[in-house]
Amino acid sequence: MPPSDVRKSSASGGVQSLERAFGLLEHMADAGGETGLSELAASSGLPLPTIHRLMRTLVACGYVRQQPNRRYALGPRLIRLGESAARPLATWARPHLARLVEETGETANMALLDGDDAVYVAQVPSRHSMRMFTEVGRRVRPHSTGVGKALLAGLPDREVRALLARTGMPAATERTLTTPDAFLEALTRVRARGYAVDDNEQEIGVRCVAVRVPDSPTSAAISVSGPAGRVTDEAIEKMVPLLQEVARDLSAALAGHTGA
């Protein structure tokens, strides 16, 4: 790298080219993982020659790949970094999930938004013989899950529509929302009341209530799930304040670790 590329940032004392490269990766993630140079220029404010030089380096390192249509997409080497980052997140989350299980009796989960998918990264199972089980590492389309709704509620509607256009909205059950308009109406309710519900939409006989983890370093949600006969509307009313309290506590714990 030429000496001129290694310049100190007056704001943070960091290397400016590194800050710009990571900034471009975040702009790509905000755009759904794929974008063009002109879009990056508009969103980042950087000149095209600078963006082109940085993208060429990111492509060479495997963190970005260039598509046949000349657009750029996030590259496979980021998957390893993301998986490694998710492991400590799951470790910090587990005691908070255990509290949810202790106080609700139902299975507790944590999920992250990774690209267009919701990915389950941690779970503490219920002690009931009839309980919900979701394999850690499982990736699901967000439109049919409580955690997915909670995660997407943090995005602008236009980004949600773009994501749904990429993933499609197949019906997991007859209760699944399968049109963008219906899903966006549901997100309006999620934002207004501060929690999301999966009401037999991923699996018949299962209900789930979820909330976002505020100010998480990556978009995250926690949930409680169980048989519909136990996760009733009355039970959900009691679960929501607890979920929101635990989400705030987890957010504070994550901030303490990332700020250390």
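Computed from a predicted model, the values in this text were never measured in an experiment.
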Undergrad: Determine, step by step, whether Met28 and Tyr72 satisfy the side chain to side chain contact (heavy atoms under 4.5 Å, CB included) criterion, reporting the C-alpha distance in whole Å, the side-chain angles of both residues, the deciding distance to 0.1 Å, and the verdict.
TA: CA-CA 8 Å; Met28 292 181 70; Tyr72 290 90; 3.9 Å; yes
Undergrad: Checking the side chain of His27 only, and the main-chain atoms of Ala42 only, is there a donor and an acceptor separated by less than 3.5 Å?
TA: no
Undergrad: Is there a donor-acceptor contact under 3.5 Å from the side chain of Asn200 to the main chain of Gly205?
TA: yes
Undergrad: Sub-3.5 Å donor-acceptor pair from the side chain of Asn69 to the main-chain atoms of Arg71, do we have one?
TA: yes
Undergrad: Using 0.5 Å steps for rounding, measure from the OG1 atom of Thr107 to the CG atom of Leu100.
TA: 11.0 Å
Undergrad: Using only heavy-atom distances, determine whether the side chains of Asn109 and Ser223 contain a donor-acceptor pair under 3.5 Å.
TA: yes
Undergrad: Are Arg99 and Glu245 ion-paired here, with the side-chain N under 4.0 Å from a carboxylate O?
TA: yes
Undergrad: Would you find a donor on one side and an acceptor on the other, under 3.5 Å apart, between the side chain of Ser44 and the backbone of Leu46?
TA: yes
Undergrad: What residues form a salt bridge (charged side-chain N to carboxylate O under 4.0 Å, His left out) with Arg189, not counting sequence neighbours?
TA: none
Undergrad: Can you check whether Arg53's main-chain N or O pairs, donor with acceptor, with Thr57's side chain at less than 3.5 Å?
TA: yes
Undergrad: If you round to the nearest 0.5 Å, how far is CG of Asp114 from OH of Tyr120?
TA: 14.0 Å
Undergrad: Please check if the side chain of Ser251 supplies one atom and the backbone of Pro214 the other of a donor-acceptor pair under 3.5 Å.
TA: yes
Undergrad: Are any of the side-chain heavy atoms of Pro142 and Leu152 separated by less than 4.5 Å?
TA: yes
Undergrad: Quick one: do Lys238 and Glu234 make a salt bridge, cutoff under 4.0 Å?
TA: no
Undergrad: Enter the distance from Tyr195:OH to Leu243:CG here, rounded to the nearest 0.5 Å.
TA: 11.0 Å
Undergrad: Under 3.5 Å, is there a donor-acceptor pair between the side chain of Glu39 and the main chain of Gly36?
TA: yes
Undergrad: Tell me, yes or no, whether the heavy-atom count around Glu102 atom CD, taken from other residues, nucleotides or ligands under 6.0 Å, exceeds 12.
TA: no
Undergrad: Nearest 0.5 angstrom please: Leu242 CG to Ile222 CD1, how far?
TA: 8.0 Å
Undergrad: Should the pair Lys149-Glu201 be classified as a salt bridge under the 4.0 Å nitrogen-to-oxygen rule?
TA: yes
Undergrad: Count the heavy atoms belonging to other residues, nucleotides or ligands that lie under 6.0 Å from CZ of Arg193, then report whether that count exceeds 12.
TA: yes
Undergrad: Might you work through the side chain to side chain contact (heavy atoms under 4.5 Å, CB included) test for Gln123 and Met110, ending with a clear yes or no?
TA: CA-CA 6 Å; Gln123 180 181 87; Met110 180 179 182; over 6 Å; no
Undergrad: Check the pair Val231 / Val224 against side chain to side chain contact (heavy atoms under 4.5 Å, CB included), numbers first and verdict last.
TA: CA-CA 9 Å; Val231 186; Val224 169; 5.5 Å; no
Undergrad: What I want to find out is whether Arg139 reaches Asp116 closely enough, with some N-O distance under 4.0 Å, to be called a salt bridge.
TA: no
Undergrad: Spell out, as yes or no, whether a donor-acceptor pair under 3.5 Å connects the side chain of Ser126 to the backbone of Gly105.
TA: yes
Undergrad: Around atom CG of Asp215, are there more than 12 heavy atoms from other residues, nucleotides or ligands closer than 6.0 Å?
TA: no
Undergrad: Where the side chain of Arg141 meets the backbone of Thr167, is there a donor-acceptor pair that is under 3.5 Å apart?
TA: yes
Undergrad: Is Leu164 reachable from Leu187 through a run of hydrophobic residues whose side-chain heavy atoms are each under 4.5 Å from the next?
TA: yes
Undergrad: Do Val101 and Glu106 make a side-chain contact, defined as non-hydrogen atoms from C-beta onward lying under 4.5 Å apart?
TA: no
Undergrad: Enter the distance from Arg207:CZ to Asp198:CG here, rounded to the nearest 0.5 Å.
TA: 9.0 Å
Undergrad: Nearest 0.5 Å, please: how far is CZ in Arg161 from CZ in Phe183?
TA: 11.5 Å
Undergrad: Any donor-acceptor pair under 3.5 Å linking the side chain of Ser216 with the backbone of Val213?
TA: no
Undergrad: Group every Ile, Leu, Val, Met, Phe, Trp and Tyr by side-chain heavy-atom contacts under 4.5 Å, then state whether Leu112 and Trp92 land in the same group.
TA: yes
Undergrad: Could you tell me which non-hydrogen atom of Ser225 sits nearest to which non-hydrogen atom of Cys208, and how far apart they are?
TA: CB-CB, 3.9 Å
